[in-house]
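On a predicted model such as this, the values are computed, not experimentally measured, just so you know. Along the sequence shown, residues carry numbers from 1.
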Amino acid sequence: MIRILSIDGGGMKGIISAIVLERLEELLRFYSRREDAVISDYFDLVGGTSTGSIITALLLAPDRTGKGGYVASDIINLYEQHGKEIFKKRLFFPVSQLVSSKYSSRAFERLLEKYLKGLTLEDLKKDCLITSYDMSRRKGVFFSTLSSNTWEKQNYALKDIVLASTAAPTYFPPRQLYNERYPNNCHIDGGVIANNPAMCLLVESVKCQGFTSFNDVMLLSIGNAGSTEYYEYRSVKHWGIVNWAIPMLNILMDGSEGTVHYQVKCIFDNLNCKDQYLRIEKNTNEEVPAMDAVSDKALVRMIEIGEQLVRENDEKLKAFVKRLVKEG
């Protein structure tokens, strides 16, 4: 059985995903009866988009501490303790946003250097896939340890891959990576093509050692929270370029998440493997903080949503983990 973990994008809402993963880790330890069990022990392929790439990198980082590497609680702490420095508005904002991104990536890059200390893609404990989009070639880029294209598999620094995957348009500047074949590359957030990377990972699993068919795949897809707020025609019909900028990015990301879930669910349903796919997310008409919301109130709200998501899905998660441990 090939076991896949997929983690959505969503900026600071990654703390919601991390809370679900903390519960996943607790259940893995309980059902395996191993106090030192970590998530990477029970998945063969892990991947993420944008904030999901941060979580992926940390979950798969090799042991540098003598304590099994990073665990889910470390990731929660990262969002809680460093969110305000990552999303610190530029000087003279909002005027500066007219000619530059809303945030500089310098503080974020320093933070990644601290957490990932020179690690490269090939240093990771398990196979992974991280998404981005190259504007110079107008195509999606998948940083994968399983890639068959050697030029795509250059051993980039992990922090650079994460910066490429998280470069959300208007929020952060794009990232250029050293690449002899495509020296003028211009990477932006993978969320523009795959904010929910579950389908990308499912396709990537065919390259995993031992793959025979999708009947032998288990996939856990971790989302976060989205708002069901809608836009009425009478408002949208008057929008111009400025009005469309932020809503367009959210619409692209939200739309792809639901589409991918539908597609993946259809595949597993038609294979009579419904219990081998689990998607955890929350769509609500209640307040959901923005992806760059870092106020104390916003953090409290996101933690509440994460805990609520765990409560609402705990039985499904338990059943999935029992099988994960059995297959492991």
Side-chain angles (χ1 to χ4, degrees), residues 1-10 13-32 37-60 70-72 75-76 124-131 146 194-206 208 211 214-225 257-258 260-269 271 273-283 306 309-328:
M1 186 69 71
I2 295 171
R3 301 156 299 174
I4 305 172
L5 174 62
S6 172
I7 308 164
D8 282 18
K13 290 188 289 185
I15 195 172
I16 298 171
S17 305
I19 289 169
V20 176
L21 291 169
E22 184 178 43
R23 178 56 176 161
L24 171 65
E25 212 160 47
E26 290 173 357
L27 291 172
L28 286 170
R29 290 171 181 167
F30 177 79
Y31 288 115
S32 69
V38 293
I39 289 172
S40 60
D41 293 338
Y42 291 91
F43 289 93
D44 305 294
L45 175 61
V46 181
T49 292
S50 196
T51 202
S53 74
I54 303 172
I55 297 172
T56 296
L58 293 175
L59 288 178
L60 298 183
Y70 295 112
V71 295
I75 300 170
I76 294 171
L124 298 180
K125 292 188 287 185
K126 292 291 183 70
D127 288 322
C128 88
L129 180 142
I130 289 174
T131 69
L146 294 169
N195 206 50
N196 173 357
M199 181 61 79
C200 300
L201 283 156
L202 187 60
V203 172
E204 192 75 359
S205 71
V206 305
C208 288
F211 176 88
F214 289 132
N215 294 82
D216 298 323
V217 172
M218 291 184 69
L219 197 162
L220 176 59
S221 177
I222 306 294
N224 41 71
E257 288 174 14
V260 168
H261 169 55
Y262 171 76
Q263 293 169 334
V264 174
K265 185 175 184 299
C266 283
I267 290 173
F268 281 93
D269 286 353
L271 292 172
C273 300
K274 295 180 181 180
D275 60 341
Q276 290 171 213
Y277 170 61
L278 177 61
R279 167 77 173 166
I280 296 181
E281 64 179 340
K282 186 171 185 64
N283 292 302
L309 199 54
V310 167
R311 290 194 299 272
E312 292 173 350
N313 293 274
D314 208 41
E315 292 305 313
K316 293 179 182 177
L317 199 54
K318 285 178 181 176
F320 196 89
V321 170
K322 286 180 183 177
R323 182 158 184 179
L324 268 182
V325 171
K326 180 181 178 182
E327 295 294 340

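More than 12 heavy-atom neighbours from other residues, nucleotides or ligands sit within 6.0 angstrom of OH on Y31. The number of heavy-atom neighbours closer than 6.0 Å to NZ of K265, taken from other residues, nucleotides and ligands shown, is 12 or below.
Of all heavy-atom pairs between T56 and C128, the closest is CG2-CB, 4.2 Å. The minimum heavy-atom distance between A37 and S32, with the atom names listed, is CB-OG, 3.9 Å. Residue S205 comes nearest to V217 through the heavy atom pair OG-CG2, 4.1 Å, listed as atom of the first residue, atom of the second, then distance. Listed here is the closest heavy atom pair of L58 and Y70: O-CB, 3.4 Å. Among all heavy-atom pairs drawn from A18 and I76, the shortest one is CB-CG1, 3.6 Å.
Side-chain contact between L59 and S40 is absent, with no heavy-atom pair separated by less than 4.5 Å. A 4.5 Å side-chain heavy-atom check between D314 and L27 finds at least one atom pair inside the cut-off. V46 is not listed as a side-chain neighbour of I39, based on a closest heavy-atom distance of 4.5 Å or more. Counting heavy atoms from C-beta on, the side chains of D8 and K13 never come closer than 4.5 Å. Inter-residue side-chain proximity for L24 and V20 is flagged as unmet; no heavy-atom pair is nearer than 4.5 Å. With a 4.5 Å cut-off on side-chain heavy atoms, L146 and L129 do not count as touching. Using a 4.5 Å heavy-atom threshold, the side chains of Y277 and H261 count as touching. Residues V264 and S221 are not in side-chain contact: their nearest non-hydrogen atoms beyond the backbone lie 4.5 Å or more apart.
Atoms CG and NZ, from L60 and K126 in turn, are 8.5 Å apart once rounded to the nearest 0.5 Å. We find the CG-CD distance between N196 and Q263 to be 9.5 Å, quoted to the nearest 0.5 Å. Atom CZ of R279 and atom OG of S6 lie 7.0 Å apart (nearest 0.5 Å). Rounding to the nearest 0.5 Å places CZ of F43 at 4.5 Å from CG of L5. Interatomic distance, I4 CD1 to M218 CE, rounded to the nearest 0.5 Å: 10.5 Å. Between atom CD1 of residue I16 and atom CD1 of residue I280 there is a gap of 13.0 Å, rounded to the nearest 0.5 Å.
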Side-chain donor-acceptor pairs of residues 318-328 under 3.5 Å, sequence neighbours excluded:
{"unit_1": "R323", "atom_1": "NH1", "unit_2": "D275", "atom_2": "OD1", "d": "3.4"}
{"unit_1": "R323", "atom_1": "NH1", "unit_2": "D275", "atom_2": "OD2", "d": "2.8"}
{"unit_1": "R323", "atom_1": "NH2", "unit_2": "Q276", "atom_2": "OE1", "d": "3.2"}

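The salt bridge (charged side-chain N to carboxylate O under 4.0 Å, His left out) contacts involving residues 42-51 comprise R3-D44, where partners must be two or more places apart or lie in separate chains.
For the pair T51 (side chain) and G9 (backbone), a donor-acceptor distance under 3.5 Å is absent. Without hydrogens or angle criteria, T49 side chain to A194 main chain gives a donor-acceptor distance under 3.5 Å. In this structure a side-chain-to-backbone donor-acceptor pair under 3.5 Å is present from D41 to V38. Although no hydrogens or angles enter the test, the distance criterion places no donor-acceptor pair under 3.5 Å between the side chain of K282 and the main chain of L309.
Of the candidates L220, L219, I222, L220 is the only one forming a side-chain contact (heavy atoms from CB on, under 4.5 Å) with L278.
Taking a cutoff of 4.0 Å between a charged side-chain nitrogen and a carboxylate oxygen, R23 and E26 qualify as a salt bridge.
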